[in-house]
A.B. asks: 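Handing you a structure now.
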Protein chains: 2
Amino acid sequence: MPMPRWAILPAMGRTILIYAAALAATVLLLEWLQYRFWARELGIEMLVGLVGLGCVCLGIWVGMRLTRRSDPAPFTRNEAAIRSLGLTPRELDVLEALVGGESNKTMARDLGVSPNTVKTHLARLFGKLDVTSRVQAIETARSLRLIPAPGDSDRTIARPDG
Amino acid sequence: MPMPRWAILPAMGRTILIYAAALAATVLLLEWLQYRFWARELGIEMLVGLVGLGCVCLGIWVGMRLTRRSDPAPFTRNEAAIRSLGLTPRELDVLEALVGGESNKTMARDLGVSPNTVKTHLARLFGKLDVTSRVQAIETARSLRLIPAPGDSDRTIARPDG
DNA sequence: CCTGTCGTCACCCGATCGGGTGATTTTGCC
DNA sequence: GGCAAAATCACCCGATCGGGTGACGACAGG
């Protein structure tokens, strides 16, 4: 399941608080500068225009902050899904080794166990993920965010028509 | 429909024009409302505050418009890589069917051919991609942007150059 | 102590895969 | 028509995979 939408609200709330503080500071700054003097000197229209201009810049900055992508997508492993599926640490090791596309024999050598053990872990993994093939296991694991998807952690971009 | 990158610039310019028009309209509206009266009634502080609030909202809206991503990563298929590898259309069909994690028999049924044909296409595909397993073929194809990776938009963009 | 879970390994067996060779038909192009 | 590429299908064969069962030791928890 994807990250709930409301999870970004704290960040937005913090930004809004920062903005509110900046606004209050601006108002106090104007008061401190005895803006009434400036109002008499420049005229109310000019004062309102200047304030509006400043507030527009502030709003643009806030708007950009609000819509900025939480950029790196740091890939947080879905521990809840792991627990609900009952995946053991060793099964996760096999799952991570699975994405390399190697054979059971090679994975066994990498993990330092027997190919039969890898087969056992894989069989249980397939059962828990409710899949029947290695490729489906990888796809399902990625959709459940058990393992990082391509472009999630390492940003290796091969540009088309290179 | 192809959407060149520079095409978003007019959209931004349009947005800026809309913002400028809205600002002018607001100023005129204030003038029309004889804001001097409101300034005397509410006090300059309140007037400035209201104008600032309105302009901040306007600025936030503009900021959000300016930083809105234009369809992030529409996934352009790497036709150059396809050509350089010598991949035939049918081999690409098999490659796309491969990501589903189905067996050769199922892919053959989906493609309307014999399992032996799928095996032949797969063998040539493995040779051209220089891999030895289905999973490696998918990983390599994704890294070469022959097929969309999870997280990429599923809409394929037609490129002018064949 | 007993039970449950986990990790490890073994064996069997059928299905599938990967690799190779060969053949035929279709398609597009000169 | 001739040619080349592509697509199709068949067969063989060894390797691997997927599924199932059984077993053993370690280890935590009641």
Side-chain angles (χ1 to χ4, degrees), chain A residues 77-142 144 146-147, chain B residues 77-142 144 146-147 161-162:
Chain A
R77 162 174 285 176
N78 193 348
E79 303 287 349
I82 293 177
R83 260 178 280 113
S84 69
L85 290 174
L87 298 183
T88 68
R90 210 52 173 158
E91 285 163 1
L92 284 178
D93 292 341
V94 175
L95 177 58
E96 290 172 359
L98 192 60
V99 305
E102 304 292 340
S103 66
N104 290 348
K105 193 185 300 181
T106 306
M107 291 192 297
R109 183 176 47 75
D110 294 344
L111 292 175
V113 295
S114 163
N116 299 302
T117 304
V118 173
K119 272 174 55 67
T120 302
H121 288 316
L122 268 186
R124 286 203 258 260
L125 201 54
F126 290 171
K128 291 174 181 176
L129 291 181
D130 191 26
V131 297
T132 56
S133 76
R134 309 160 84 82
V135 175
Q136 286 177 359
I138 295 175
E139 301 275 320
T140 301
R142 281 209 231 268
L144 293 176
L146 307 179
I147 52 179
Chain B
R77 163 173 280 175
N78 195 345
E79 304 286 349
I82 293 177
R83 263 179 280 117
S84 69
L85 291 174
L87 299 183
T88 68
R90 209 52 173 159
E91 286 163 0
L92 284 178
D93 292 340
V94 175
L95 177 59
E96 290 173 0
L98 192 60
V99 305
E102 305 292 340
S103 66
N104 291 348
K105 193 185 299 181
T106 305
M107 291 192 296
R109 183 176 47 74
D110 294 344
L111 292 175
V113 295
S114 163
N116 300 303
T117 304
V118 173
K119 272 174 56 66
T120 302
H121 288 316
L122 268 186
R124 284 203 260 260
L125 201 53
F126 290 171
K128 291 174 180 176
L129 292 180
D130 192 26
V131 296
T132 55
S133 76
R134 309 160 84 82
V135 175
Q136 286 177 1
I138 295 176
E139 302 274 320
T140 301
R142 281 210 230 269
L144 293 176
L146 308 180
I147 52 180
D161 180 20

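Here the structure is a predicted model, which means the values were calculated and not measured. Naming convention: chains lettered A, B, ... in sequence-line order (proteins, then strands); numbering from 1 in each chain.
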A.B. asks: Between atom CZ of F126(A) and atom NE2 of H121(A), what is the distance when rounded to the nearest 0.5 Å?
C.D. replies: 13.0 Å
A.B. asks: List the protein contact pattern of nucleotides 23-30 of chain C with one symbol per nucleotide (5' to 3'): B for base contact, S for sugar-phosphate-only contact, - for none; contact means a heavy-atom distance under 4.0 Å.
C.D. replies: --------
A.B. asks: From CG of N104(B) over to C1' of dC17(D), roughly how many Å is that when rounded to an integer?
C.D. replies: 12 Å
A.B. asks: What residues in residues 83-97 of chain A put a non-hydrogen atom under 4.0 Å from any atom of DNA chain D?
C.D. replies: none
A.B. asks: side-chain contact (heavy atoms from CB on, under 4.5 Å) for I82(B) and E79(B)? Distances and angles first, verdict last.
C.D. replies: CA-CA 5 Å; I82(B) 293 177; E79(B) 304 286 349; 4.0 Å; yes
A.B. asks: Please give, in whole Å, the distance from dG18(D) P to E102(B) CD?
C.D. replies: 13 Å
A.B. asks: Output the rounded distance in Å from NE2 (H121(A)) to C1' (dG18(D)).
C.D. replies: 16 Å
A.B. asks: Is there a side-chain contact between D110(B) and M107(B) in this structure, where contact means two heavy atoms from C-beta onward sitting under 4.5 Å apart?
C.D. replies: no
A.B. asks: Would a distance-only check, ignoring hydrogens and angles, find a side-chain to backbone donor-acceptor pair under 3.5 Å from E139(B) to V135(B)?
C.D. replies: no
A.B. asks: For the residue pair N104(A) and K119(A), what are the closest heavy atoms and their distance?
C.D. replies: ND2-CG, 3.7 Å
A.B. asks: I'd like to check the salt bridge (Lys or Arg N to Asp or Glu O under 4.0 Å) partners of D93(B); sequence neighbours left out, ordered by chain and number.
C.D. replies: R90(B)
A.B. asks: Taking all non-hydrogen atoms of both residues, which atom of L129(B) and which atom of T140(B) are closest, and how far apart?
C.D. replies: O-CG2, 4.1 Å
A.B. asks: In terms of side-chain heavy atoms of K105(B), which of dC9(C), dG18(C), dT16(C) is nearest?
C.D. replies: dT16(C)
A.B. asks: Counting only non-hydrogen atoms, which of residues 125-139 of chain A are less than 4.0 Å from DNA chain C?
C.D. replies: none
A.B. asks: Identify each atom pair where a protein N or O and an N or O of nucleotides 10-14 of chain C are less than 3.5 Å apart, giving names and distance.
C.D. replies:
{"unit_1": "dA10(C)", "atom_1": "OP2", "unit_2": "S114(A)", "atom_2": "OG", "d": "3.1"}
{"unit_1": "dA10(C)", "atom_1": "OP2", "unit_2": "N116(A)", "atom_2": "ND2", "d": "3.0"}

A.B. asks: Please name the pair of heavy atoms, one in S133(B) and one in G101(A), separated by the smallest distance, quoted to 0.1 Å.
C.D. replies: OG-O, 2.9 Å
A.B. asks: Is it true that E102(B) and R134(B) have a side-chain N and a carboxylate O under 4.0 angstrom from each other?
C.D. replies: no
A.B. asks: Determine to 10° how strongly the helix from dC1(C)-dG30(D) to dC30(C)-dG1(D) is bent, judged from the axes of its five-pair ends.
C.D. replies: 40°
A.B. asks: Under a 3.5 Å threshold, yes or no: a donor from one side chain and an acceptor from the other, between T120(B) and T117(B)?
C.D. replies: no
A.B. asks: Once rounded to the nearest 0.5 Å, what's the spacing between atom CG of L111(A) and atom OG1 of T106(A)?
C.D. replies: 11.0 Å
A.B. asks: Quick one: CD1 on I138(A) to CG on L95(A), what's the gap to the nearest 0.5 Å?
C.D. replies: 7.5 Å
A.B. asks: Give me the atom names and distance for the closest heavy-atom approach of A81(B) to L146(B).
C.D. replies: CB-CD2, 3.9 Å
A.B. asks: So which atom in E96(B) and which in I147(B) form the shortest heavy-atom distance, rounded to 0.1 Å?
C.D. replies: CG-CG2, 4.0 Å
A.B. asks: Does a donor on one side chain sit under 3.5 Å from an acceptor on the other, for Q136(A) and T132(A)?
C.D. replies: yes
